Q: 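My questions will all concern the structure given below.
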Amino acid sequence: MTTNADSVQPNETAVPLLHCADPEQTVVFWRALGFEVTYEQTRPYVYLAFRWSGFDLHYGPAPKDLDPAREHSGGCLVLVDAVAAYHEVFTEAMRRSYGKVLVKGLPRMTRYRAGASRFSIVDPSGNTITFIQRDEPKDVEYGGSKELAGLARVLDNARILREFKLDDRAAYRALDSGMRRRADDAPVVEQAMALAALIELATVLDKDDRVPEWGERLRALPLPAEQRTRVREYVADPAVLEPWWPDAG
């Protein structure tokens, strides 16, 4: 006897339906990143559809009490083979359309550090679209190793706050506090990594008044070339170190 279950084939396609608080800005943003608008409707209700490469994003009406600034709107995961390439493409698109990479406020894209397995785009409505490398380990290393101590542990915690919890402010506070309490006993390379991260985060968080302080301290640290490479790899945008390390980019 044939049943309906016999007709089910494992070739489904799931398309995320996200809340849209600002249709006009949503269209402008995704077009700027190179997405095709495949459907656009604002009346009698909002429905937008976008396509890029091999995936789609759809948007529907947002709840009346939705506050995009809280970034609790929703989101989805996009599994890809090589996550770095996606970040590079969107970086180029943002620079072409906006003259810079959007790293704060809404919309924005989180930074990508060499070797990381994910990054996120937060759209104008506060939805988070996270691009994840398909072969990312099932047991992702979220830090907190008991073998780490001192400033090394602070650096590990800051990395998790930045890359997984997407909390730049908490990462900044952790590094700032860690440098005050742990720097004197830490290896020079760890001090440099913390200072480089503080420079990068201070730039993003509009704490530019602290950047010269961190930069001068970084410049004064004696580091061989291989340790400078390690420091550059800890931050997502080595170019922010150029005023103190002219070869940082």
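Please read these numbers as outputs of a predicted model, since none were measured by experiment.
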Q: Could you tell me the separation between the CZ atom of R95 and the NZ atom of K100, rounded to the nearest 0.5 Å?
A: 12.5 Å
Q: Provide the closest heavy-atom pair for V231 versus A196 in the form atom of the first, atom of the second, distance.
A: CG1-CB, 3.7 Å
Q: Looking at L155, is its backbone amide N or carbonyl O close enough to the side chain of Y234 to form a donor-acceptor pair, meaning the two atoms are under 3.5 Å apart?
A: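 The answer is yes, because a donor-acceptor pair under 3.5 Å joins these two groups.
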Q: Taking S73 for the side chain and P68 for the main chain, is one N or O donor matched with an acceptor at less than 3.5 Å?
A: no
Q: Is it true that a side-chain atom of Q191 and a backbone atom of A183 form a donor plus acceptor pair closer than 3.5 Å?
A: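 Yes: the side chain of Q191 pairs with the backbone of A183.
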Q: Nearest 0.5 Å, please: how far is CZ in R232 from CG in D237?
A: 13.0 Å
Q: V189, L175: one ILVMFWY side-chain cluster at the under-4.5 Å cut-off?
A: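 Yes, because V189 and L175 connect within a single hydrophobic cluster, where side-chain heavy atoms sit under 4.5 Å apart.
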Q: Could you walk me through whether R159 and D156 pass salt bridge (Lys or Arg N to Asp or Glu O under 4.0 Å), step by step?
A: CA-CA 5 Å; R159 177 179 63 85; D156 186 56; 2.9 Å; yes
Q: Would you check if Y172 and R210 make a side-chain contact, meaning some heavy-atom pair closer than 4.5 Å?
A: yes
Q: Do the side chain of T110 and the main chain of F119 share a donor and acceptor less than 3.5 angstrom apart?
A: no
Q: For a side chain to side chain contact (heavy atoms under 4.5 Å, CB included) with R111, tell me which candidate from T91, V101, V204 qualifies.
A: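 When T91, V101, V204 are each tested with R111, the side chain to side chain contact (heavy atoms under 4.5 Å, CB included) holds only for V204.
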Q: Indicate the atoms forming the closest heavy-atom contact of M109 with I121, along with that distance.
A: CG-CG1, 4.0 Å
Q: Can you tell me how far the CH2 atom of W245 sits from the CG atom of L223, to the nearest 0.5 Å?
A: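 If I round to the nearest 0.5 Å, the distance is 5.0 Å.
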Q: Side chains of Y59 and N127: do they bring a donor and an acceptor to under 3.5 Å?
A: no
Q: Does a sphere of radius 6.0 Å around CZ in R134 hold more than 12 heavy atoms from other residues, nucleotides or ligands, not counting ones at 6.0 Å or beyond?
A: yes
Q: Any ion pair linking K104 and D168 (charged N to carboxylate O, less than 4.0 Å)?
A: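 No, D168 and K104 are not salt-bridged.
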Q: Do the side chains of I129 and L79 join up, straight or via other hydrophobic residues, at under 4.5 Å, putting them in one cluster?
A: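 Result: no, two separate clusters.
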Q: Under 4.5 Å between any side-chain heavy atoms of K207 and L198, yes or no?
A: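 No, side chains not in contact.
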Q: If you look at every heavy atom in P23 and T42, which pair is closest and at what distance?
A: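 Closest approach of P23 to T42, heavy atoms only: CB-CG2, 4.1 Å.
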Q: With under 30° as parallel and over 60° as perpendicular, where do the rings of Y39 and Y47 fit, or are they tilted in between?
A: perpendicular
Q: If you count heavy atoms of other groups shown closer than 6.0 angstrom to CZ of R181, is the number above 12?
A: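 Yes.
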Q: Does L106 share a hydrophobic cluster with L205, counting links as ILVMFWY side-chain heavy atoms below 4.5 Å and allowing steps through other members?
A: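 Cluster IDs for L106 and L205 differ.
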Q: Indicate yes or no: does D176 engage R173 in a salt bridge with an N to O separation below 4.0 Å.
A: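 Salt bridge flag = no for R173 with D176.
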Q: Could you state the interatomic distance from CG (L77) to OG1 (T128), rounded to the nearest 0.5 Å?
A: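 So the gap between those two atoms works out to 10.5 Å.
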Q: How many angstroms lie between CG in L195 and CG in L241, if you round to the nearest 0.5 Å?
A: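 Going from CG on L195 over to CG on L241, the span is 10.0 Å.
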Q: For the residue pair P243 and V240, what are the closest heavy atoms and their distance?
A: CD-O, 3.5 Å
Q: Please examine the side chains of T229 and E233, heavy atoms only from C-beta on, and report whether any two atoms are closer than 4.5 Å.
A: yes
Q: Are side-chain heavy atoms of V154 and L148 found at a separation under 4.5 Å?
A: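 Contact flag for V154/L148 side chains = no.
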Q: For a quick test of reading the model, state the closest non-hydrogen atom pair linking R108 to V103 and the distance between them.
A: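 Shortest heavy-atom contact: CD-O, 3.7 Å.
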Q: About how many Å separate CG of L18 and CZ of F50, when rounded to the nearest 0.5 Å?
A: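 If we round to the nearest 0.5 Å, F50:CZ and L18:CG are 10.0 Å apart.
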Q: Is there a continuous path of hydrophobic side-chain contacts, each under 4.5 Å between heavy atoms, that joins L57 to L102?
A: yes
Q: What residue among W30, Y112, W52 forms ring pair (Phe, Tyr, Trp, His ring centres under 6.0 Å) with F90?
A: W52
Q: Go through the steps to decide whether I199 and W244 satisfy the test side-chain contact (heavy atoms from CB on, under 4.5 Å), and finish with yes or no.
A: CA-CA 11 Å; I199 291 170; W244 300 275; 4.3 Å; yes
Q: Quick check: do M179 and R217 have side-chain heavy atoms less than 4.5 Å from each other?
A: yes
Q: Which atoms form the tightest heavy-atom contact between H19 and S125, and what is the distance?
A: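 Smallest interatomic distance, heavy atoms only, reads O-CB, 3.5 Å.
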Q: Is the CD atom of E226 crowded by more than 12 outside heavy atoms at less than 6.0 Å?
A: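 Yes, the 6.0 Å shell around CD holds more than 12 heavy atoms from other groups.
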Q: Which of these, L48, V46, T26, sits in a side chain to side chain contact (heavy atoms under 4.5 Å, CB included) with E40?
A: L48
Q: With hydrophobic residues grouped by side-chain heavy-atom distances under 4.5 Å, do V27 and V15 end up in a single group?
A: no
Q: Determine, for R219 against E216, whether the closest basic-nitrogen to carboxylate-oxygen distance falls under 4.0 angstrom.
A: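 The answer is yes: the pair qualifies as a salt bridge.
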